[in-house]
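This report refers to the structure that appears directly beneath it.
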Amino acid sequence: MDGLNKALQYFDGLAVLGRMVPATGICTVHGEYEAELLPGRKPICLKCSQERERERRMQERRDMLLWGCGIPGRYRQAKFRDLQPVCEAQAAVIEAFKGWVAWVGRDRNAGNVVITGGPGTGKTHMASAATLNLIGHCGLGVRYVTADQMRTEICETWGRPGRSEHAELSRFASYPVLIIDEVEILDPNGHGLRYLNRVVDSRSAEGLPTVYISNQTKDGLRDMIGYRAVSRMYENALILQCSWGDYRDRLLVG
């Protein structure tokens, strides 16, 4: 009997230990709180735990978006402030683009951006800085791609089970923000121009913000990719003209 009583007392003790009991604690952020916990455990602020979990998930999302954003490796740390000061026109362009980035981070109806200018004027650097900003600060899905890379990714679906041209076109059409560089570098007799027009049309119809980058003027783009596509690109768009010289030439002179 003594053995049986001791066994019963032991299991009763386990039941007590396994029972949740009310407790109070004080959080330096959220103040006093109530919790239920096992005996002997210290209370933990539930709000702090939830915030840490949200931040962990957000960081995982940012890491995933950065991994797939497509910006060239040399621009993976690009920042607007890293651009070498050149002239007042450049400062105005950078401030206008930064304003658009802040706007699109709050409102998907920010419209398009068209950035034109000669080689070496910092267009890709600005686009990369915008991509990193929107992902890092807003958790927004952004994809940077050249027009020819987009053509290649779509064409690579040919003959591959489970993949289709239509699905790839839909993917490019649905990014929350899409940045298309080297818009004009497409074979007028190839598939790329057709793909570009379909993506431009789809994003325009959905009102999704798109950044178009080119070395060509508006008239030059019309000659190369057609009036319809250019009309869509410039519709409700912030037009930024990089009229200063090549950064690389300045470095060589220096």
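Keep in mind that this is a model prediction, so the values were computed, not measured. Keep in mind that the numbers below use all heavy atoms, side chains included, and drop hydrogens, waters and symmetry copies.
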Short side-chain to backbone donor-acceptor contact, [X] and [Y], under 3.5 Å:
{"X": "Ser204", "Y": "Val200", "value": "no"}
{"X": "Lys123", "Y": "Ile115", "value": "no"}
{"X": "Gln90", "Y": "Gln84", "value": "yes"}
{"X": "Asn197", "Y": "Leu193", "value": "yes"}
{"X": "Arg222", "Y": "Lys218", "value": "no"}

Practice task
Please test Tyr212 against Leu221 for side chain to side chain contact (heavy atoms under 4.5 Å, CB included), starting from the C-alpha separation and ending with a verdict.
Solution key: CA-CA 11 Å; Tyr212 300 99; Leu221 282 172; over 6 Å; no
Please determine whether the number of non-hydrogen atoms from other residues, nucleotides or ligands lying under 6.0 Å from atom [atom1] of [X] exceeds 12.
{"X": "Trp158", "atom1": "CH2", "answer": "yes"}
{"X": "Lys47", "atom1": "NZ", "answer": "no"}
{"X": "His166", "atom1": "NE2", "answer": "no"}
{"X": "Gln241", "atom1": "CD", "answer": "no"}

What's the separation between atom [atom1] in [X] and atom [atom2] in [Y], rounded to the nearest 0.5 Å?
{"X": "Tyr144", "Y": "Leu178", "atom1": "OH", "atom2": "CG", "result": "11.0 Å"}
{"X": "Asn236", "Y": "Asn109", "atom1": "CG", "atom2": "CG", "result": "9.0 Å"}
{"X": "Lys79", "Y": "Ser128", "atom1": "NZ", "atom2": "OG", "result": "12.0 Å"}
{"X": "Leu196", "Y": "Glu184", "atom1": "CG", "atom2": "CD", "result": "10.5 Å"}
{"X": "Ile180", "Y": "Arg143", "atom1": "CD1", "atom2": "CZ", "result": "10.5 Å"}
{"X": "Tyr195", "Y": "Glu153", "atom1": "OH", "atom2": "CD", "result": "12.0 Å"}

Please say yes or no: joined through hydrophobic side-chain contacts below 4.5 Å, possibly via intermediate residues, are [X] and [Y] part of one cluster?
{"X": "Ile213", "Y": "Met150", "result": "no"}
{"X": "Met224", "Y": "Val230", "result": "yes"}
{"X": "Val104", "Y": "Val145", "result": "no"}
{"X": "Leu169", "Y": "Val177", "result": "no"}
{"X": "Ile94", "Y": "Leu132", "result": "yes"}

Non-hydrogen side-chain atoms of [X] and [Y] separated by less than 4.5 Å:
{"X": "Thr116", "Y": "Thr217", "result": "no"}
{"X": "Arg203", "Y": "Tyr175", "result": "yes"}
{"X": "Cys69", "Y": "Ile135", "result": "yes"}
{"X": "His191", "Y": "Arg194", "result": "yes"}
{"X": "Met233", "Y": "Ile225", "result": "yes"}
{"X": "Phe80", "Y": "Phe97", "result": "yes"}
{"X": "His125", "Y": "Asp82", "result": "yes"}
{"X": "Thr210", "Y": "Val199", "result": "no"}

What's the shortest heavy-atom distance between [X] and [Y], and which atoms?
{"X": "Leu208", "Y": "Ala173", "answer": "CD1-O, 3.2 Å"}
{"X": "Ala127", "Y": "Ile179", "answer": "O-CD1, 3.6 Å"}
{"X": "Leu240", "Y": "Ala96", "answer": "CD2-CB, 3.8 Å"}
{"X": "Thr124", "Y": "Pro72", "answer": "CG2-CG, 4.5 Å"}
{"X": "Ala89", "Y": "Ser243", "answer": "CB-OG, 4.3 Å"}
{"X": "Val101", "Y": "Ala130", "answer": "CG2-CB, 3.6 Å"}

Problem - Arg57/Glu53 salt bridge by N-O under 4.0 Å criterion - result: yes
Handout entry: Basic-acidic side-chain contact under 4.0 Å: Asp201, Arg198
Key = no
Exercise for the section: Apply side chain to side chain contact (heavy atoms under 4.5 Å, CB included) to the pair Trp100 and Val211, showing each step before the final yes or no. Expected result: CA-CA 10 Å; Trp100 179 87; Val211 179; 3.6 Å; yes
Practice task
Kindly determine whether Met126 and Cys242 satisfy side chain to side chain contact (heavy atoms under 4.5 Å, CB included), including the steps that lead there.
Solution key: CA-CA 11 Å; Met126 285 192 290; Cys242 302; 3.8 Å; yes
Exercise for the section: Please report the C-alpha distance between Trp244 and Val93 in whole Å, then the side-chain angles of each, then the deciding distance to 0.1 Å, and finally whether the side chain to side chain contact (heavy atoms under 4.5 Å, CB included) criterion is met. Expected result: CA-CA 11 Å; Trp244 50 92; Val93 163; 3.9 Å; yes
